Amino acid sequence: RWPIKIAGSDGADSELVGLGHLTPAEMAEQLARASIYCLPARYEPFGLSALEAALSGCALVLGDIASLREVWADAALFVDPDNSTALARTLRELIENPAQRLEFSSRALARAQHFSLDRAADRYLALFSTLVRQPRPVSQVA
């Protein structure tokens, strides 16, 4: 009932729609139309694409790995990236439950807003300010 679209892939079959390479504007347009973003990653240091999806209002279904759990906490649903049955079940639950989908969309958006450039800049300035105020050790010359 819901198309599964894959950016970066030209391949398509009866269940998948390959979108090919997308420009940033085309990707933003696709995310704006999506309700769910799925990233069943086995490795992902931060998940910038998940951040973009969350800021676009998508509910997130992510690979159950430490880095994504740390970033998204309770704002996403997590699945074992090697368990296609669990992935399909989780996606089906979100599709069939609009209230849950809206809840996770709202959670993801709220969490994503913590990762703004202004907030990062403020934290870096505070850190640098602390470092500048710390006394430096005096080196001894023999």
Side-chain angles (χ1 to χ4, degrees), residues 1-140:
R1 296 181 304 164
W2 284 36
I4 300 171
K5 298 181 180 182
I6 301 176
S9 173
D10 292 323
D13 62 26
S14 62
E15 296 182 27
L16 304 176
V17 178
L19 299 174
H21 177 76
L22 299 176
T23 67
E26 291 168 331
M27 187 65 186
E29 185 180 320
Q30 289 293 327
L31 289 173
R33 284 193 239 144
S35 297
I36 303 168
Y37 180 78
C38 182
L39 178 68
R42 291 184 180 92
Y43 173 79
E44 182 65 52
F46 177 78
L48 187 57
S49 65
L51 177 61
E52 292 171 340
L55 289 170
S56 296
C58 296
L60 303 177
V61 177
L62 307 174
D64 192 359
I65 57 176
S67 59
L68 293 177
R69 277 200 176 271
E70 180 181 346
V71 171
W72 294 102
D74 68 346
L77 295 166
F78 297 94
V79 296
D80 177 347
D82 295 313
N83 187 336
S84 60
T85 303
L87 178 59
R89 182 178 57 246
T90 301
L91 291 170
R92 196 173 310 111
E93 286 172 4
L94 278 178
I95 289 168
E96 294 172 356
N97 189 335
Q100 183 185 35
R101 196 169 58 245
L102 181 60
E103 173 67 24
F104 276 95
S105 170
S106 297
R107 287 184 191 186
L109 179 58
R111 182 79 175 152
Q113 290 170 338
H114 287 280
F115 299 107
S116 72
L117 289 176
D118 288 339
R119 184 179 168 130
D122 289 345
R123 290 182 147 201
Y124 274 116
L125 287 173
L127 173 63
F128 293 150
S129 186
T130 301
L131 293 173
V132 168
R133 283 185 263 137
Q134 291 181 359
R136 291 186 277 169
V138 177
S139 62
Q140 296 179 354

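Keep in mind that this is a model prediction, so the values were computed, not measured.
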> How far does CD1 of Ile4 sit from CG of Leu91, to the nearest 0.5 angstrom?
Replying inline: 7.0 Å
>> If the condition is salt bridge (charged side-chain N to carboxylate O under 4.0 Å, His left out), which residues does Arg111 pass it with, not counting sequence neighbours?
In response: none
>> Could you report the tightest heavy-atom contact between Val17 and Pro3, atom names first, then the distance?
In response: CG2-CB, 4.4 Å
>> Show every side-chain hydrogen bond (donor to acceptor under 3.5 Å, both in side chains) that has at least one partner inside residues 75-101, sequence neighbours left out.
In response: Arg42-Asp82
Side-chain donor-acceptor pairs of residues 28-35 under 3.5 Å, sequence neighbours excluded:
{"unit_1": "Glu29", "atom_1": "OE2", "unit_2": "Arg33", "atom_2": "NH2", "d": "2.3"}

> Who passes side chain to side chain contact (heavy atoms under 4.5 Å, CB included) against Leu48, sequence neighbours left out?
Replying inline: Leu51, Glu52
>> Applying side chain to side chain contact (heavy atoms under 4.5 Å, CB included), can you list everything that pairs with Leu109, at least two apart in sequence or on another chain?
In response: Leu55, Gln113
> side-chain hydrogen bond (donor to acceptor under 3.5 Å, both in side chains) with Glu26: which residues, sequence neighbours excluded?
Replying inline: Thr23
> Ala108 and Ala54: which non-hydrogen atoms are nearest, and at how many Å?
Replying inline: O-CB, 3.6 Å
>> Testing the basics here: between Ala53 and Leu60, what is the closest heavy-atom pair and its distance to 0.1 Å?
In response: CB-CD2, 4.0 Å
> Which heavy atom of Pro81 sits nearest a heavy atom of Ala41, and at what distance?
Replying inline: CG-O, 3.5 Å
> Can you list every pair that meets salt bridge (Lys or Arg N to Asp or Glu O under 4.0 Å) and has a residue in residues 68-77, with sequence neighbours left out?
Replying inline: Asp64-Arg69
>> Filter on side-chain hydrogen bond (donor to acceptor under 3.5 Å, both in side chains), then keep only pairs touching residues 122-132, sequence neighbours left out; what's left?
In response: Ser129-Arg133
> ring pair (Phe, Tyr, Trp, His ring centres under 6.0 Å): which pairs involve residues 61-105, sequence neighbours left out?
Replying inline: none
>> I need the minimum non-hydrogen distance between Ala59 and Leu94, along with the two atoms involved.
In response: CB-CD1, 4.3 Å
> Which atom names give the shortest non-hydrogen contact between Arg107 and Ala75, and what distance separates them?
Replying inline: O-CB, 3.5 Å
>> For residues 22-62, which residue pairs pass the ring pair (Phe, Tyr, Trp, His ring centres under 6.0 Å) check, not counting sequence neighbours?
In response: Phe46-Phe115
>> Which residues pass the side chain to side chain contact (heavy atoms under 4.5 Å, CB included) test with Leu117, not counting sequence neighbours?
In response: none
